[in-house]
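Just below is one structure, and these are the notes that go with it.
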Amino acid sequence: MSYTASCHCGAIGATVAGDLPGKAMSCNCSICKRKGTVLHFVPAAEADIAAPAGKLSDYQFNKRAIHHQFCTDCGCSPFSVGTGPDGSEMVAVNLRCVPECDLDALEIAQYDGASL
């Protein structure tokens, strides 16, 4: 089983091997709060990122720890990439960009990214 987080126009996406998660995270940092993301982190090896040349752009801020990826056509942000606390490569999947994900069924943990 797998699921895909894609941008609005469908140009970019991240397909994750595995079932949809039952838990997610909501972060109150300046960018997540503005974008309204609901995130689930997976090891980079479990995610296949599809982005044709010129369709993926990157935004970084503060500590530049996370590459906030977005579509150059529609501006949607289905995923971000970065390094986990243990140093491993991670993909943060925005579950709001997974059509079959029932957001109301998720157990959502609050993360205080604004205080970091």
Side-chain angles (χ1 to χ4, degrees):
M1 182 122 207
S2 66
Y3 59 94
T4 300
S6 61
C7 66
H8 190 255
C9 71
I12 68 169
T15 299
V16 177
D19 295 331
L20 278 165
K23 297 180 181 182
M25 181 190 80
S26 177
C27 176
N28 67 352
C29 78
S30 59
I31 195 163
C32 289
K33 188 174 181 178
R34 283 173 172 84
K35 292 192 305 184
T37 57
V38 175
L39 301 171
H40 179 69
F41 290 82
V42 298
E46 293 179 16
D48 180 30
I49 294 175
K55 297 295 182 186
L56 185 65
S57 194
D58 180 75
Y59 177 72
Q60 293 180 294
F61 71 102
N62 196 8
K63 296 177 185 176
R64 302 191 177 293
I66 299 174
H67 294 266
H68 298 273
Q69 313 274 274
F70 61 94
C71 176
T72 59
D73 287 342
C74 68
C76 197
S77 303
F79 58 88
S80 297
V81 296
T83 305
D86 64 355
S88 62
E89 294 296 315
M90 302 291 291
V91 174
V93 177
N94 182 0
L95 295 175
R96 288 193 184 276
C97 295
V98 179
E100 63 271 23
C101 184
D102 181 0
L103 297 173
D104 293 329
L106 293 172
E107 180 183 326
I108 300 178
Q110 304 301 314
Y111 181 75
D112 186 12
S115 297
L116 297 179

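Along the sequence shown, residues carry numbers from 1. Computed from a predicted model, the values in this text were never measured in an experiment.
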So, using side chain to side chain contact (heavy atoms under 4.5 Å, CB included) as the criterion, who are the partners of [X] when residues are at least two apart?
X	value
Met25	Cys27, Leu39, Phe41, Tyr111
Asp86	Ser88
Ala65	none

With Asn28 via side chain to side chain donor-acceptor pair (under 3.5 Å) - residues at least two apart: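 Only Asp112 meet the side chain to side chain donor-acceptor pair (under 3.5 Å) criterion with Asn28.
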Point-to-point distance, once rounded to the nearest 0.5 Å, from [atom1] of [X] to [atom2] of [Y]:
X	Y	atom1	atom2	value
Phe70	Asp58	CZ	CG	7.5 Å
Leu116	Asn62	CG	CG	8.5 Å
Ile12	Cys74	CD1	SG	7.0 Å

Path from Val91 to Leu20 over hydrophobic side-chain contacts below 4.5 Å: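 Per the 4.5 Å side-chain linkage, Val91 and Leu20 are co-clustered.
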Path from Tyr3 to Val81 over hydrophobic side-chain contacts below 4.5 Å: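 The answer is yes; both residues are in one hydrophobic cluster.
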Linked hydrophobic residues, Met1 as query - side chain contacts closer than 4.5 Å: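 Under the 4.5 Å side-chain rule, Met1 groups with nothing.
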side-chain hydrogen bond (donor to acceptor under 3.5 Å, both in side chains) pairs, two or more places apart, involving residues 6-27: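 Sorted result for residues 6-27: Thr4-Thr15.
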Residue pairs involving residues 30-55 (criterion side-chain hydrogen bond (donor to acceptor under 3.5 Å, both in side chains); sequence neighbours excluded):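 Listed once each, the pairs are Lys55-Asp73.
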Residue pair Ala14 / Phe79: nearest heavy atoms and the distance that separates them: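 Smallest heavy-atom distance, with atoms named: CB-CD2, 3.7 Å.
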Minimum-distance pair of heavy atoms, taken over all atoms of Cys71 and Cys9: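 For Cys71 versus Cys9, the nearest heavy atoms are SG-SG, 3.7 Å.
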Side-chain donor-acceptor pairs of residues 92-109 under 3.5 Å, sequence neighbours excluded:
unit_1	atom_1	unit_2	atom_2	d
Asn94	OD1	Val38	N	3.3
Asn94	OD1	Arg96	N	3.1
Asn94	ND2	Ser77	O	3.2
Arg96	NE	Gly36	O	2.4
Asp102	OD1	Asp104	N	3.2

Contacts of type ring-ring contact (aromatic ring centres under 6.0 Å, His included), residue His68, not counting sequence neighbours: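 Partners of His68 under the ring-ring contact (aromatic ring centres under 6.0 Å, His included) test: Phe61.
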